[in-house]
> 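Right, I'll just put the structure down here and ask away after.
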Amino acid sequence: MTFMGGSPPSASSPSLLRMSRIAKSFGPNRVLREVDFELKAGEVHVLAGENGAGKSTLIRILGGALAADNGMIAIEGGPVRFRRPRDAADRGIAVIHQELSLVGSMSIADNLLLGREPGRLGWVDRAARAARARGVLERVGLRLDPDEPVSALPISSQQLVEIAKALSLGARIIVMDEPTSALSEPEVRRLFARIADLKAQGCGIIYITHRLEEIYALADRITVLRDGRVVASRPAGELPVGELVRLMVGRSIGDQAPRRAAAAGTVRLDLRRCRVRGEGAGRRPIVEDAALQVRSGEILGLVGLEGSGVSELLWAMFGALGKRAEVEMEIDGQTRRMSSPRAAIAAGIALVTNDRRRSGLVLSMDVVENATLAALPRFSPLGRLRRREEIEHTARTAGQLNLRCASLRQRVATLSGGNQQKVVLAKWMATHPRVLLLDDPTRGVDVGAKHEIYLLMNEWSRQGCGIILSSSEWPELLQVSDRIMVMHRGRVAASFRGGQATAADLLRAAMGHAIHE
Amino acid sequence: MNDGRPDQHESIGALERSAASRLRAFLSSPSATALLALGLVLAIGVAFSGDGAFHKWATHRDALRQASVYGILACGMTFVIITAGIDLSVGSVLALVAVMFSTLSIHEAWPPWLAVPACLALGGACGAASGLVVAKWRIQPFIVTLAMMVFARGLAKTLSGGMKVSTAVQLPDGSWTAAPVPGIFRLIDSRLLGDNISVVSLVFLACIALSWVILSRLRWGRYLYAIGGNEEAARLSGVPVAAMKVMAYALAGVFAAVAGLCQAAQEQQGDPEAGLGYELTAIAIVVIGGTSLMGGRGGIGLTLLGTLIIGYLDKILSVNAVPEASRLMLTGVIIIAAVLVQRRKD
Ligand SMILES: Nc1ncnc2c1ncn2[C@@H]1O[C@H](COP(=O)(O)OP(=O)(O)OP(=O)(O)O)[C@@H](O)[C@H]1O
Ligand SMILES: [Mg+2]
């Protein structure tokens with residue numbers, strides 16, 4: 001990723017925002033203790049810390065979505081009190097929340113312009129509205145029909161719409177809580193260009209991410225939270241990456257995405273043909289005649305930009321698209337018809353989707369209930385639940401994944417984003433799969449846990465699993481994959497051996513430029 | 001609902017849960033709210049029973065008996081509401097079964113061991129039919145069960161010829177005589193344990209127990225919560241969504257049938273007009289208990305509390321001879337209050 005350029009704000013830059021001695025508890029769980037945080041004009045201030053450290057909680061307090069138990073917020077020197085998100089917005093604070101806050105059933109334009117429609121006396125000028133929405137979307141490089149409902153968008157576009165909305169408010173303080181967790185490389189670059197514009201205009205930006213390369217590409221200053229306390233706050237130049245990681249997770253981590261290749265065995269999964277119809281008449285197919293093979297012990301990387309059909313291909317192989325998909329495939333040499341996810345699970349396939357809140361978790365249930373949901377028959381012989389075994393399994397897996405929760409009976413809705421992702425992984429670990437389809441499995445996961453997840457993938461491949469990994473983080477994907485296939489507009493456009501491709505190669509292929517080998 | 005957890009995962013969470021925090025967690029749970037409301041209702045009952053009615057067991061026995069039919073319907077409703085659905089047909093199914101049970105027992109002289117299963121099967125079939133349409137064609141439960149509500153009422157009227165099916169029998173010469181009341185009717189309408197508890201109340205409690213087992217102890221129950229909480233995530237986790245939905249509506253139908261049996265026995269007749277509006281009372285009970293209409297949250301314990309709250313309220317109002325009109329208005333207010341209190345928790 002390119003360095004942003006521009007001179008860092010000097011120590012004398014005016015202070016935009018100061019939060020002092022912020023404290024917050026949920027019941028007995030003390031999430032923030034005496035946190036101090038300062039943001040200067042023209043500064044990108046990165047807030048780092050492991051899953052559950054309290055970053056989003058601090059942001060929700062700043063955004064008026066949550067009341068602090070204690071502490072003070074001052075904007076440009078003047079103390080403020082936010083009772084609701086509206087108050088914070090009025091003081092020039094825009095927040096891109098980690099868990100997207102768009103209204104799914106409403107159109108993109110409605111979401112973008114909510115409460116600020118052009119027109120008079122409640123009469124909405126539709127043309128002006130659409131034009132304005134298009135302009136807002138352009139800024140993040142989105143070309144979408146503003147009348148489309150948000151729920152029809154894939155998660156990456158939703159994230160971009162959310163970003164576009166925050167940028168359009170003309171705020172001076174912009175908070176981005178993991179804005180890129182679902183974005184791919186080109187989209188991230190475009191966002192970084194916008195951030196550079198904002199800096200030049202003297203805005204202050206609070207940026208949260210678990211991607212180390214983003215931290216160093218953007219940060220003027222880094223503050224590290226650990227267990228709700230600030231453990232360091234320094235200019236980015238004075239905090240080398242090794243130390244940053246150690247401050248965050250409390251130990252050093254050698255290689256973020258280690259790969260110890262297992263000996264590739266027999267063909268585990270042989271996808272002969274896959275075709276996914278587009279929704280609505282006359283639309284082009286989303287996936288066209290894709291074919292691939294995964295051997296046991298192999299990790300196959302799958303890459304594609306928005307609309308390439310990567311996610312749909314994974315869903316189709318999992319039987320989750322119903323009649324929209326035609327799939328011919330063999331597992332361990334046996335032809336299997338994937339008529340439903342249930343059948344796929346029985347055939348030993350697991351799918352980690354890229355949208356945990358929409359398709360991964362039942363937010364109203366607790367950690368244990370989610371962790372055993374996909375393998376419930378095993379925990380309930382003759383239909384009777386064996387709660388003890390459920391808890392034992394969950395406790396064990398939670399330990400492996402370093403899950404942070406107050407109790408295993410905590411509802412997953414109240415877990416931090418990264419910890420929710422770990423619950424999804426725990427759920428599929430319980431099914432003992434032979435083929436793992438992973439769609440961005442490390443989305444929103446901290447460096448320590450990411451490391452654990454890649455170690456787990458090594459372990460699974462050593463045990464003979466075939467793994468298909470799609471990830472929006474290409475550097476890691478390049479590191480762990482034995483082979484990489486690039487999809488473009490529903491077709492496999494190129495494939496590379498692991499270690500022989502660069503991110504630039506992937507990007508060229510993903511954008512549809514012909515590859516001559 | 002809040003059971004103790006074994007020790008092994010205490011080490012995992014960052015924090016231990018102390019007894020105090022457990023108490024606090026309980027106090028903010030729907031069960032605590034419902035219990036509190038019930039306590040309040042009972043206190044009001046004691047305060048406003050001039051002749052000391054609330055100090056007599058008979059008052060409680062009768063309150064429970066009168067609430068039982070509603071409570072049985074509410075058991076079935078709980079299953080459906082947990083899946084984020086609704087069943088408007090239970091009142092009509094109750095009437096249909098009451099008619100069928102009376103016809104079979106009084107006029108066809110079927111023995112109970114045949115008539116009762118036949119009636120339960122009829123109720124279950126009505127529910128399963130709704131469930132199938134909801135699950136397979138993805139039509140909104142409100143619409144589907146509204147249709148079933150009308151249909152079942154029509155069927156009840158057809159079977160009964162639009163008249164109450166009672167023990168009155170017309171002889172060939174045109175005169176009327178009374179057939180004997182079937183033994184099963186008298187059994188259901190009797191009291192046990194030295195006249196201290198009605199059989200219908202025992203049936204209701206058995207329904208609660210059965211529902212509790214299904215919802216809290218069986219895989220099926222877990223699946224129902226998962227579907228109500230996030231249907232897409234449930235489907236992708238291999239939950240047989242369609243089958244589970246059919247089961248939920250079928251159970252609602254079976255419980256409606258049980259309520260129909262009780263109703264017929266208590267009235268000693270099958271009235272095709274019976275159960276009008278009962279579905280609304282059943283929904284109110286579930287909601288007042290604290291089960292969420294959005295699905296995925298709640299439980300049968302809450303429905304038990306909801307039944308008692310509604311039952312005692314009714315008793316208090318009738319003991320104090322409050323007119324029907326005021327009772328209805330008051331019930332409306334209480335439903336809103338209960339929902340507001342429950343929503344505060346989210
Ligand atoms: N409503 C709530 N009730 C109880 N606990 C909560 C609630 N909201 C958050 N928490 C807890 O607060 C802690 C901090 O959560 P927070 O979302 O701030 O973490 P985070 O630093 O943003 O992590 P991540 O990187 O995973 O997003 C977590 O342990 C979480 O379980
Ligand atoms: Mg967070």
Side-chain angles (χ1 to χ4, degrees), chain A residues 27-30 52 227 315 318 320 340-346 351 353 355-365 367-370 372-377 379-385 387-388 391-392 394-396 398-399 402-411 413 424 427-428 431, chain B residues 1-29 82 84 213-244 292 294-298 346:
Chain A
N29 188 359
R30 292 178 64 185
D227 292 333
W315 280 57
F318 190 64
S340 67
R342 198 171 167 72
I345 293 169
L351 169 69
T353 64
D355 189 345
R356 55 180 170 257
R357 291 173 77 92
R358 189 149 64 167
S359 53
L361 295 168
V362 181
L363 291 172
S364 53
M365 301 206 307
V367 175
V368 177
E369 290 165 336
N370 272 285
T372 57
L373 186 59
L376 210 51
F379 295 100
S380 54
L382 303 173
R384 192 180 180 289
L385 292 169
R387 312 236 280 187
R388 195 166 196 95
I391 289 171
E392 274 166 17
T394 311
R396 205 171 336 107
N402 193 19
L403 180 82
R404 295 292 197 92
C405 54
S407 134
L408 292 183
R409 296 246 84 107
Q410 189 177 352
R411 282 193 298 122
V424 176
K427 175 172 83 175
W428 292 111
T431 66
Chain B
M1 260 140 265
N2 256 321
D3 351 30
R5 295 158 298 120
D7 288 328
Q8 60 261 48
H9 60 85
E10 292 285 12
S11 54
I12 302 209
L15 292 153
E16 306 262 324
R17 286 228 280 171
S18 62
S21 78
R22 266 184 220 198
L23 181 68
R24 214 166 2 186
F26 172 73
L27 285 182
S28 65
S29 70
I82 281 176
V213 168
I214 296 175
L215 282 174
S216 304
R217 285 289 174 260
L218 298 188
R219 190 196 308 155
W220 294 343
R222 183 70 60 76
Y223 280 166
L224 295 178
Y225 281 101
I227 291 169
N230 184 345
E231 189 171 330
E232 178 76 340
R235 183 177 75 94
L236 291 171
S237 299
V239 174
V241 174
M244 285 297 114
S292 163
M294 310 289 286
R297 297 173 73 176
D346 290 344

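Scope of the values below: all heavy atoms of this structure, side chains included, with no hydrogens, waters or symmetry mates. Sequence lines set the chain letters: A, B, ... in the order given, protein chains first and strands last, and positions in each chain run from 1.
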> List the atom of B:G229, the atom of A:S364, and the distance in Å for their closest heavy-atom pair.
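So the two residues come closest at CA-OG, 3.5 Å.
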
> Which distance, rounded to the nearest 0.5 Å, do you find between the CH2 of A:W315 and the CG of B:L236?
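Result: 4.5 Å between the selected atoms.
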
> Between CZ of A:R387 and CZ of B:R217, what distance do you get to the nearest 0.5 Å?
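Spacing of CZ (A:R387) from CZ (B:R217) equals 4.0 Å.
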
> Grab the two heavy atoms, one from A:L376 and one from B:R222, that are nearest each other, plus how far apart they are.
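So the minimum-distance heavy-atom pair works out to CD2-CG, 3.5 Å.
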
> Given a strict heavy-atom distance threshold of 4.5 Å, which part of A:R356 is in contact with chain B: side chain, backbone, both, or neither?
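It is neither, since no heavy atom gets under 4.5 Å.
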
> With only heavy atoms counted, which part of A:F379 is less than 4.5 Å from chain B, the side chain, the backbone, both or neither?
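A:F379 has no heavy atom closer than 4.5 Å to chain B.
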
> What is the distance from atom CZ of B:R219 to atom OG1 of A:T372, rounded to the nearest 0.5 Å?
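Here the interatomic distance stands at 11.0 Å.
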
> Counting heavy-atom pairs closer than 4.5 Å to chain B, which one of A:L363, A:L385, A:V362 comes out on top?
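Looking at each option in turn, the highest pair count goes to A:L385.
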
> Could you pull out the closest heavy-atom pair between B:A233 and A:G360, with the gap in Å?
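Scanning both residues completely, I find the closest heavy atoms to be CB-C, 4.0 Å.
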
> Chain B: which of A:M365, A:E369, A:Q410, A:R357 shares the most heavy-atom pairs with it under 4.5 Å?
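Highest number of pairs under 4.5 Å: A:E369.
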
> Under 4.5 Å from any heavy atom of chain B, what part of A:S359 do you find: side chain, backbone, both or neither?
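Interface part for A:S359: both.
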
> Looking only at heavy atoms and a cut-off of under 4.5 Å, which of B:P240, B:G228, B:G221, B:S216 has the most pairs with chain A?
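It is B:P240.
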
> By a 4.5 Å heavy-atom criterion (distance strictly below it), what part of A:L361 contacts chain B: side chain, backbone, both, or neither?
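For A:L361, the contact with chain B is made by the backbone alone.
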
> A:R342 side chain to B:V241 main-chain N or O, any donor-acceptor pair under 3.5 Å?
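No, the answer is negative, given that no donor and acceptor are paired below the 3.5 Å cut-off.
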
> Specify the closest pair of heavy atoms between A:W428 and B:S237, including all atoms of both residues, with the distance to one decimal.
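Scanning both residues, the minimum pair turns out to be CH2-CA, 4.2 Å.
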
